[in-house]
Amino acid sequence: MEKSSSEILTDPVGAAVVCRAVKKYYGEVKAVDGVELEVRLGECFGLLGPNGAGKTTLVEILEGLTRSDSGVVEVLGYQWGKGDDRAFRDRIAVQLQETQLADKLTVAETIRLFRSFFRRGRSVEAVIRDAGLEEKRNERVYQLSGGTKQRLALACALVSDPELLFLDEPTTGLDPQARSRVWEVVEKFKSAGGTVMLTTHYMEEAARLCDRVAIMDHGKFLALGTPAALVESLGGREIIEFTARDGLELDAVRGLPGVKSAADNNGNFSLKVSAINDTLPALMSLVEQKGLRLVKLVTRPATLEDVFMALAGGKLREE
């Protein structure tokens, strides 16, 4: 049956998710405050922000679990409540931060159970293979490590062969190796044409998986773009961090070649610079002239975490 114009607001070929002026208030709390968003088909889009930023509320609206107070929400060309919501849910999948699975079932039995919930989907064997669970297929859920349980939960989400996958902090509490294996499953889904909507507190995870990210706080987007573009927006591609004894003034540090911004927290300096090889020799010369001693000196590339802290750090949360 052809959908009416009230159900399709944009070309579904180009957008997986569309939000227009979406709001959700709980009394005086503005959980989602006029969000504008378009997620393209085939991309991984990340939502970053401190606790209470509104990420979960926005995702629950997109998943059809919560109704917005106003605005337009469209997911894969569909608006919740404008058709057969139950049938539409076969096209999306959700993996929560923690999924409760039946302890006594084996890995294969668990995936087979979830496959039975859907009218269409992938074969159990294909999902086991893609999730890297072949060696665990006959182990019971209670025997699995945390990382393997998360891959099993992800396999259960993917068994319906969804077009859009929502991931809510999928690697929280996992060790680096387990986290990397979960990332591989997500990347395989995306490489096959799937679209991913990810919330995470791990900046490394967002930088690796996401084509674009939005940093959110107090119900609004503070920044939106590719990880590389957001890092570039800091004004400095590299960071110099050092600790100096008494006698070094912030204004003198700000005047060094290549310094885009500088901060001093009780003698702990952080400089955002355009090129370390321009700034570092001048810094060492300044320190020598003043007869000071550096207790610590670290140089590194600027990262998405620096953007996050600049936009949604402690001062913003306290306000």
Side-chain angles (χ1 to χ4, degrees), residues 12-13 16-17 39-46 59 62-64 75-78 84 86-172 174-200 205 208-211:
V13 172
V17 171
V39 177
R40 302 160 190 149
L41 286 170
E43 81 170 327
C44 180
F45 188 90
V59 170
L62 298 178
E63 294 169 347
V75 180
L76 298 175
Y78 179 81
D84 187 345
R86 184 172 181 179
F88 176 73
R89 288 190 183 280
D90 285 359
R91 300 176 62 192
I92 68 172
V94 178
Q95 185 195 357
L96 303 177
Q97 183 175 334
E98 185 175 349
T99 303
Q100 296 297 325
L101 300 171
D103 283 347
K104 298 299 177 64
L105 293 182
T106 67
V107 166
E109 289 169 343
T110 301
I111 297 174
R112 192 173 298 113
L113 172 65
F114 274 78
R115 174 64 185 86
S116 71
F117 298 155
F118 302 96
R119 289 174 293 183
R120 65 178 183 87
R122 304 182 63 206
S123 74
V124 171
E125 293 305 318
V127 172
I128 288 175
R129 181 185 64 249
D130 286 352
L133 293 169
E134 297 99 322
E135 295 181 0
K136 303 291 184 179
R137 59 176 296 112
N138 294 319
E139 288 192 21
R140 302 192 185 279
V141 170
Y142 75 86
Q143 298 174 305
L144 304 177
S145 66
T148 305
K149 282 183 180 178
Q150 279 296 76
R151 278 189 287 136
L152 174 57
L154 188 52
C156 292
L158 295 176
V159 75
S160 65
D161 197 19
E163 299 167 51
L164 173 60
L165 175 63
F166 291 95
L167 297 175
D168 182 14
E169 300 183 25
T171 61
T172 296
L174 300 186
D175 62 59
Q177 184 179 29
R179 187 178 303 143
S180 180
R181 297 196 72 178
V182 170
W183 292 347
E184 290 171 2
V185 178
V186 176
E187 288 170 333
K188 186 173 292 187
F189 170 76
K190 182 175 176 291
S191 67
T195 305
V196 181
M197 191 88 177
L198 169 73
T199 65
T200 181
E205 182 166 85
R208 170 165 167 173
L209 295 179
C210 296
D211 299 290

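Each residue takes its place number in the sequence, starting with 1.
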message: Applying side-chain contact (heavy atoms from CB on, under 4.5 Å) to D211 and R40, what does each step give before you reach the verdict?
response: CA-CA 10 Å; D211 299 290; R40 302 160 190 149; over 6 Å; no
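Heavy atoms only, all atoms of each residue included: P170 and L174 are closest at O-CD1, 4.1 Å. Listed here is the closest heavy atom pair of L198 and C210: CD2-SG, 3.8 Å. Between A16 and T195, the closest heavy-atom pair is CB-CG2, 3.8 Å. Residues T110 and C156 approach most closely at CG2-SG, 3.7 Å, considering heavy atoms. E63 and V94 make their closest contact through OE2-CG1, 3.5 Å (heavy atoms, listed as atom of the first residue, atom of the second, distance). A153 approaches Q95 most closely through the heavy-atom pair CB-NE2, 3.7 Å.
Rounding to the nearest 0.5 angstrom, the gap separating the CG atom in L158 from the NZ atom in K188 is 11.0 Å. Summarising the geometry, atom CD belonging to E169 is positioned 5.0 Å from atom OG1 belonging to T199; distances are rounded to the nearest 0.5 Å. In this structure, L113 CG and R115 CZ are separated by 12.0 Å, a value rounded to the nearest 0.5 Å. Atoms CD and CD1, from E109 and I111 in turn, are 11.0 Å apart once rounded to the nearest 0.5 Å. The distance from the CG atom of L209 to the CD atom of E184 is 10.5 Å, given to the nearest 0.5 Å. Here the CD atom belonging to E205 is positioned 3.5 Å from the OG1 atom belonging to T171, to the nearest 0.5 angstrom.
F88 is listed as a side-chain neighbour of L76, based on a closest heavy-atom distance under 4.5 Å. Side-chain contact between Q150 and R179: absent, with no pair of heavy atoms (C-beta onward) separated by less than 4.5 Å. Residues V39 and L164 are not in side-chain contact: their nearest non-hydrogen atoms beyond the backbone lie 4.5 Å or more apart. At least one side-chain heavy atom of L154 sits under 4.5 Å from a side-chain heavy atom of L165. Using a 4.5 Å heavy-atom cutoff, the side chains of D103 and R140 are not in contact. Contact of the D90 side chain with the D161 side chain is not registered, since no non-hydrogen atoms from C-beta on lie closer than 4.5 Å. You'll find the side chain of P162 reaches within 4.5 Å of the side chain of F189, heavy atoms only. Residues L101 and F114 form a side-chain contact, since some pair of their non-hydrogen atoms from C-beta on lies under 4.5 Å apart.
Judged purely by atom type and a 3.5 angstrom limit, S180 has no side-chain atom pairing as donor or acceptor with the backbone of Q177.
Heavy-atom neighbours of R120 CZ from other residues, nucleotides or ligands within 6.0 Å: above the threshold of 12.
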Atom pairs and distances, side-chain donor-acceptor, residues 132-139, under 3.5 Å, sequence neighbours left out:
| from | atom 1 | to | atom 2 | distance (Å) |
| --- | --- | --- | --- | --- |
| R137 | NH1 | E125 | OE1 | 2.9 |
| R137 | NH1 | E125 | OE2 | 3.2 |
| R137 | NH2 | E125 | OE2 | 3.0 |

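Between R122 and D130 there is a salt bridge, since a side-chain N of the basic residue sits under 4.0 Å from a carboxylate O of the acidic one.
Contacts of F45 classified as ring-ring contact (aromatic ring centres under 6.0 Å, His included), with partners at least two apart in sequence or in another chain: none.
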